[in-house]
Amino acid sequence: MTARTTRRTKAAPSRIAAVGAIAVAGALILTGCGDQTNKGGSSNESTNSNSAPLFSKLPKKIQDAGVIKVGTNAEYAPMESTEGGKIVGVDPDLADALGKQLGVKFEFTSGSFDGLITAVNSGRYDIGMSSITDNKQRQEGLDDKGKKLGEGVDFVDYFTAGTAIYVKKGNPEGIKGIEDLCGKVAAVQQGTTYETALKDQSKKCTDAGKKAINIESFQNDTEAQTRVKSGGAVAGINDYPVAVDLANKADGGKAFEVINKQYDAGPFGIILKKDNTQLRDALKDAVDAIIKDGSYQKVLEKWGAQSGAIEQSAINGGK
């Protein structure tokens, strides 16, 4: 969600595009980050962490701990979800690969998506890794109107994804794009860039003399999906790989379908405090290393997420 966008930039019709700075606002002003209850297993064990290629690049605090604490929202398959009490998906598997390069474990804990930035900046987690769209608002700690709300975060980009609209199988309302949602109910996870995208589109609707979109925002993406499935909302907005996975798997592929192709693609990034530059740079080197050694591509292929592959990491590459 983003949008964990979803978990992205503030796009016109489009989590990620779904979108914008609302997640920043939510992350910085909402109280806490929910019950951080779902603990995933540690990601990687290195028999001799000091021999890992990039161990020496880590801050001494992380070297001594042997663990990078990760905040996530594990309700976003195939990127991150919970199976049998364990957090699984693209992000945990990429963290496994990163751990081999860095010689430390990545320990995931699940909580609310819109509290992740606050949790990272408060020191509760070292990083956030949860399909979080890299954009200027989140980098600078701004709301969707450009007002400074608090401290921003740095991003280490590792994936790219566009926005998708999903509907009930058969598309009973004939939705062809986000512009068709004027006057209708749309479901989205709160705190994502997609929520902002819907608000932007709703204003376009009213400016054109049409009815506003009735936006229903939910604490987690599962609730938004349920609303669409029940017919209470005509469509849901999500990241393309998440929407495709949902359409393929929910009720054996009989519950949903995805409208159009992904559009307004933007980067997902690992988030860190602005002053945590040494860990940030080590993570960038690690992302580049797993891209080079092929383990990155293997993870994406395992989860059917090849469309999000990047060729090189970037720091704060979002617009």
Side-chain angles (χ1 to χ4, degrees), residues 1-26 75-76 113-114 131 133 135 137 143-145 161-248 250-251 254-266:
M1 280 10 324
T2 115
R4 188 47 135 299
T5 282
T6 93
R7 143 203 168 310
R8 154 161 120 75
T9 77
K10 192 175 177 186
S14 70
R15 195 183 196 242
I16 309 178
V19 163
I22 191 70
V24 171
E75 299 173 339
Y76 217 62
F113 179 76
D114 56 6
S131 309
T133 300
N135 59 35
Q137 289 84 0
D143 67 11
D144 58 349
K145 293 181 173 58
T163 300
I165 300 171
Y166 66 92
V167 296
K168 287 185 69 173
K169 194 76 170 181
N171 194 9
E173 296 291 331
I175 304 299
K176 296 180 180 179
I178 197 168
E179 64 279 356
D180 293 333
L181 297 180
C182 298
K184 295 181 170 62
V185 179
V188 69
Q189 183 179 6
Q190 70 183 29
T192 61
T193 50
Y194 310 119
E195 185 179 34
T196 299
L198 282 174
K199 290 179 179 179
D200 290 345
Q201 179 58 40
S202 186
K203 185 177 185 304
K204 291 180 181 180
C205 293
T206 55
D207 287 348
K210 300 178 182 180
K211 292 183 178 180
I213 300 173
N214 185 353
I215 302 168
E216 294 189 349
S217 302
F218 295 90
Q219 181 68 25
N220 60 64
D221 194 59
T222 302
E223 292 176 315
Q225 295 168 17
T226 300
R227 186 66 169 151
V228 176
K229 185 177 179 179
S230 70
V234 302
I237 310 295
N238 219 317
D239 292 317
Y240 180 77
V242 175
V244 170
D245 186 76
L246 175 66
N248 288 338
D251 292 350
K254 297 178 181 179
F256 303 105
E257 64 183 73
V258 177
I259 302 302
N260 297 328
K261 300 178 180 179
Q262 67 172 324
Y263 51 95
D264 294 321

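Of all heavy-atom pairs spanning F256 and Q225, the tightest one is CZ-O, 3.5 Å. The two residues G236 and V228 have their closest heavy-atom pair at N-CG2, 3.6 Å. Considering all non-hydrogen atoms of both residues, K176 and D180 come closest at N-OD2, 2.8 Å. Smallest separation of non-hydrogen atoms from I259 and V167: CD1-CG2, 3.7 Å. Summarising the geometry of A212 relative to S202, their closest heavy-atom pair is CB-OG, 3.2 Å, with the distance given to 0.1 Å. For L181 against A186, the heavy-atom pair with the smallest separation is CD1-CB, 4.1 Å.
Distance check: T222 OG1 to Y76 OH gives 11.0 Å after rounding to the nearest 0.5 Å. If you take CG on N238 and CG on D221, they are separated by 4.5 Å, rounding to the nearest 0.5 Å. Within the model, atoms NZ of K210 and NZ of K204 stand 12.0 Å from one another, a figure rounded to the nearest 0.5 Å. Taking NZ of K184 as the reference point, atom CG of N214 lies at 12.0 Å (rounded to 0.5 Å).
A salt bridge links E216 with R227: the distance from a Lys NZ or Arg NE/NH1/NH2 to an Asp or Glu carboxylate oxygen falls below 4.0 Å. With salt bridges taken as basic N to acidic carboxylate O contacts below 4.0 Å, none links K169 and D251.
With a 4.5 Å cut-off on side-chain heavy atoms, D200 and T196 count as touching.
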> Run the side-chain hydrogen bond (donor to acceptor under 3.5 Å, both in side chains) check on Q219 and Q190 step by step: do they pass?
Replying inline: CA-CA 6 Å; Q219 181 68 25; Q190 70 183 29; 2.8 Å; yes
> Is there a side-chain contact (heavy atoms from CB on, under 4.5 Å) between Q201 and C182 once you walk through the steps?
Replying inline: CA-CA 8 Å; Q201 179 58 40; C182 298; 4.3 Å; yes
>> I'd like to know whether I178 forms a side-chain contact (heavy atoms from CB on, under 4.5 Å) with L198, so could you lay out the CA-CA distance, the side-chain angles of the two residues, the decisive distance to 0.1 Å, and finally the verdict.
In response: CA-CA 8 Å; I178 197 168; L198 282 174; 4.1 Å; yes
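A side chain to side chain donor-acceptor pair (under 3.5 Å) with S217 is found for one member of E223, E195, K199 and no other, namely E195.
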